[in-house]
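Reading through the structure tokens given below for one structure.
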Amino acid sequence: MENASFLDGLNPEQRRAVETTEGPLLVLAGAGSGKTRVLTHRIAYLMGTCGIPPEGVLAVTFTNKAAGEMRERVEKLLGPQTRDLWVGTFHSTCVRILRREISHLGYSRGFAIYDEADSLSLVKEAITKRGLDPKVVDPRRIRWRIDAWKNDGMKPAAAAERATDIDDDQAADIYAQYQRLLADANALDFGDLLVLTVELFERFPRVLAHYASRWQYILVDEYQDTNRVQYRLIRQLTSAHGNLCVVGDPDQSIYGWRGADIRNILDFEEDYPETEVVRLERNYRSTQPILTGATGVVSNNLARKRKDLYTDREGGDQIRIHEAATDRDEAQFVVGEILASAREGDRSYQEFAIFYRTNAQSRLFEEELLKYDVPHEVVGGVRFYERAEVKDALCYLRLVINPRDTAALRRVVNRPTRGIGRTTVERAELEASQRGETLLEGFRVLGEGTSGVRSAAKVRAFIQLYELLVRECTAAEPADALAIILDRSGYMKALEKDGSPEAEGRIENLRELLTAAEDFSRANADSDDDRTSIEIFLDQVALVSDLDAYAGTEETVSLMTVHNAKGLEFPVVFLVGLEERIFPHSGSMGDEQGLEEERRLCYVGMTRAMQQLNLTSAAERVRYGSRNYGVPSRFLDEIPQEVVTQIGSGRKKAARSRSGGGHELDYSYAQEPASEGGDVRPGLRVVHPVFGAGTVVSVSGNGLDQKLKIQFERAGIKTILVRYANLELG
DNA sequence: TTGCTGCTCTTTTTT
DNA sequence: AGAGCAGCAA
């Protein structure tokens, strides 16, 4: 392999970022400046030119998808010698380490990974165990607090010590209880994965030494979004050599609420003396108006290092702003634009993306897209692996692997309903805690029950089912194990018997789960991991995000939150719901920090656009089932006006609608009817901006109210109000 | 114990 | 508007 090939096509700064292999390196990479390219070429350069073996490199990315893509791109440069190269998220990397080493910390290696729902139910239990009432002490808030502590690397003792008020005292107390429950269940939550890895390295220097000497070169992507524990982990791993390359952009720091600490990147040069700094400021993605607009917004942040992005792409469309009267109108506008642009601009659907601030906003757009048969893909929202039936199946599997997994057991014991209700579960819990045994043991005792427990026979049957599953599933491949579970538990049968459309959907989801499990086995056939196949499968499932499953290659319009849009790019972007209290979100407007993060989020959304950026808002919006009136986002005013074009109704219109009660129709799109100068009669050929070519079937109404029934070639029969339709003669 | 009804609460964003 | 939950009847 030619040495030069890893540097080919890189600009001088990118090249420097690749070639500076020794010591700490900070790459400040503006949006669209080719940072992924730098990372992949750097890895290839390390291995291909410097002769570093693959196992000597660790690359940490933000999502599993990014990890997969990175590995793929490195393989393209180097060939398939990347097996021992570790690329993963912080969480997946920690899981792999812990599966090998966690026995040092007194957990057993079959530990379960608890997601948010599992963790919440355990917090609830912890609250009760501390003699408090979950209705009074909000479990969600406590969970949030615990998570924040974990992100800061604080264990219960430290949290209790630093608690400054009664609330914190109480939370710290529950935190301690919660950790005991986790330990009893042999389970870790997301935060633990990081915290325990750091603890492991701290307490067992020899274990740390093993990994620190293995990974001679470490790369971290999206460094602006790392939290304190992640920082400490990286510090531990690089203590020996300091060969650390971090890539990030302070302007794209959008996870402060999750514990990301922007100090990590701002203080990097102090924390790692003799840091080389490379700035990537040339943008390869967007046209000048988009870049000017986005920079205009983010430069309103006071706490910001100055940075100048530039692009060679002069010209290009202005940023388009549309202020709709209602949220429904907004959705109609966006979908109408997509349809028109797909036709006239000759674009394929995958070139469009719709970004919103909150998941709940997706619904109207989905409905509208559905109405016009536009293929689309929603990223996020209700996650596949969190759907009730999918999670039920997985909990059976979890229980087979880890009999102490109380959250899984509680979930599964009466699914499908088998007569083991709340009372019986409580009795088993009592039994278990009295004997200091697991919940499963509690059930077992109940099942043997000579005491007059009415449900004893049913519990016994469940225990037998469980033992059967353990025998048949433990050594099986995940897909086979799941099939056995769904069969023997009667789960599938219960759904089939149900027969309702919802049940049909559930069955469909379970089939999809089986397919996913089969795909998994195929992909991991030659894995040299020392976890069992089921273990790896469960680990993966626990840590996948929807973004990971998102392919982005099919002929579909993409819908997602702005957070999920990070790292992606699209030719045409619609950033919607730009209203005060939505974007910026009401929850973040209180303090300057929160507001600045919202602004960065807006910047991230805007800079995803390559050619055309559309920003929309609605004056009136239904929220929580009631009407709300909004004001256009301040971010819209922060965009330099010379790069903006207002489309459709102006702000005056929106203001009128807001103050004037009855909502007025928007005439700005009204065109002269196609009938001008001649009669419209059935048989006339017309072209509609959205539905395309068609033939008039019938005419009704007069003047402005004239309606046409049109048979469209592609869209079927629709009734169209001539006034709004902007029809042309075809 | 189940399943129904009517009430509450939600919404930030997610590895 | 919709989901999730508590409370109640069968």
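Numbers restart at 1 for each chain; the letters A, B, ... are given by sequence-line order, proteins then strands.
- The CD atom of A:Glu367 sits 12 Å away from the P atom of C:dA1 (whole-angstrom rounding).
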Assess the residue pair A:Arg444 and A:Glu431 against the criterion (salt bridge (charged side-chain N to carboxylate O under 4.0 Å, His left out)); give the C-alpha distance rounded to whole Å, side-chain angles, the decisive distance to 0.1 Å, and a yes or no. CA-CA 10 Å; A:Arg444 203 165 260 146; A:Glu431 201 69 50; over 6 Å; no

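- Regarding A:Glu222, its CD atom lies at a distance of 15 Å from the P atom of B:dT14, rounded to whole Å.
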Check against salt bridge (charged side-chain N to carboxylate O under 4.0 Å, His left out), A:Arg109 and A:Glu101: CA-CA 8 Å; A:Arg109 43 157 298 162; A:Glu101 317 284 355; over 6 Å; no

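- For B:dT15, the OP1/OP2 oxygens have no side-chain nitrogen or oxygen of A:Ser92 closer than 4.0 Å.
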Salt bridge (charged side-chain N to carboxylate O under 4.0 Å, His left out) for A:Asp115 and A:Lys391? Distances and angles first, verdict last. CA-CA 11 Å; A:Asp115 68 10; A:Lys391 200 154 175 205; 3.1 Å; yes

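- Within the 4.0 Å cut-off from OP1 or OP2 of B:dT13, not a single side-chain nitrogen or oxygen of A:Asn564 is found.
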Output one line per pair: protein atom, nucleotide atom from nucleotides 8-11 of chain B, and distance, for all N/O pairs under 3.5 Å.
{"from": "B:dT11", "atom 1": "OP2", "to": "A:Arg140", "atom 2": "NH1", "distance (Å)": "2.7"}
{"from": "B:dT11", "atom 1": "OP2", "to": "A:Arg140", "atom 2": "NH2", "distance (Å)": "3.4"}

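- Using a 4.0 Å heavy-atom cutoff across all strands shown, A:Phe62 reaches sugar-phosphate atoms only and no base atom.
- When the P atom of C:dC5 is taken as reference, atom CG of A:Asp138 falls 13 Å away, rounded to whole Å.
- Checked against A:Tyr223 for a ring-ring contact (aromatic ring centres under 6.0 Å, His included), the options A:Tyr255, A:Phe268, A:Phe90 give a single hit: A:Phe268.
- Judged by centroid separation below 5.5 Å and plane tilt below 30°, A:Tyr255 does not stack onto the base of B:dT13.
- When the P atom is used for both B:dT13 and C:dG4, the distance is 15 Å, rounded to whole Å.
- Rounded to whole Å, atom C1' of B:dT15 lies 12 Å from atom CH2 of A:Trp144.
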Checking A:Asp118 against A:Arg398 for the side chain to side chain contact (heavy atoms under 4.5 Å, CB included) test, could you report, in this order, the C-alpha distance in whole Å, the side-chain angles of both residues, the deciding distance, and whether it holds? CA-CA 12 Å; A:Asp118 298 323; A:Arg398 269 166 50 180; 2.9 Å; yes

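- Contact annotation: A:Asn64 side-chain N/O to B:dT15 OP1/OP2 distance is not under 4.0 Å.
- Annotation: cation-pi pair A:Arg145/A:Trp149 present, NZ/CZ under 6.0 Å from the ring centroid and within 45° of its normal.
- One atom, CZ of A:Arg415, and another, P of B:dT1, lie 16 Å apart when rounded to the nearest Å.
- The separation between A:Tyr603 atom OH and B:dT13 atom P is 24 Å, rounded to whole Å.
- When the P atom of C:dA3 is taken as reference, atom CG of A:Asn359 falls 15 Å away, rounded to whole Å.
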Stepwise, does the side chain to side chain contact (heavy atoms under 4.5 Å, CB included) test hold for A:Phe111 with A:Arg99? CA-CA 8 Å; A:Phe111 62 84; A:Arg99 286 276 179 227; 3.5 Å; yes

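- Taking 4.0 angstrom as the limit, A:Asn227 places none of its side-chain polar atoms (N or O) nearer than this to OP1 or OP2 of B:dT15.
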Interface polar pairs with nucleotides 2-4 of chain B, N/O, under 3.5 angstrom:
{"from": "B:dT2", "atom 1": "OP1", "to": "A:Asn414", "atom 2": "ND2", "distance (Å)": "3.2"}
{"from": "B:dT2", "atom 1": "OP1", "to": "A:Gly419", "atom 2": "N", "distance (Å)": "3.2"}
{"from": "B:dT2", "atom 1": "OP2", "to": "A:Asn414", "atom 2": "ND2", "distance (Å)": "3.3"}

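- Aromatic ring pairs are classed by plane angle as parallel below 30°, tilted from 30° to 60° and perpendicular above 60°; the pair A:Phe570 and A:Phe355 is perpendicular.
- By the 30° and 60° cut-offs, the orientation of the rings of A:Tyr466 relative to A:Phe462 is parallel.
- Put simply, CD1 on A:Ile582 is 14 Å from C1' on B:dT13, counting in whole angstrom units.
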For salt bridge (charged side-chain N to carboxylate O under 4.0 Å, His left out), just list the numbers for A:Glu368 and A:Lys371, CA-CA rounded to whole Å, side-chain angles, deciding distance to a tenth of an Å, and then say yes or no. CA-CA 5 Å; A:Glu368 214 54 39; A:Lys371 204 189 280 180; 3.3 Å; yes

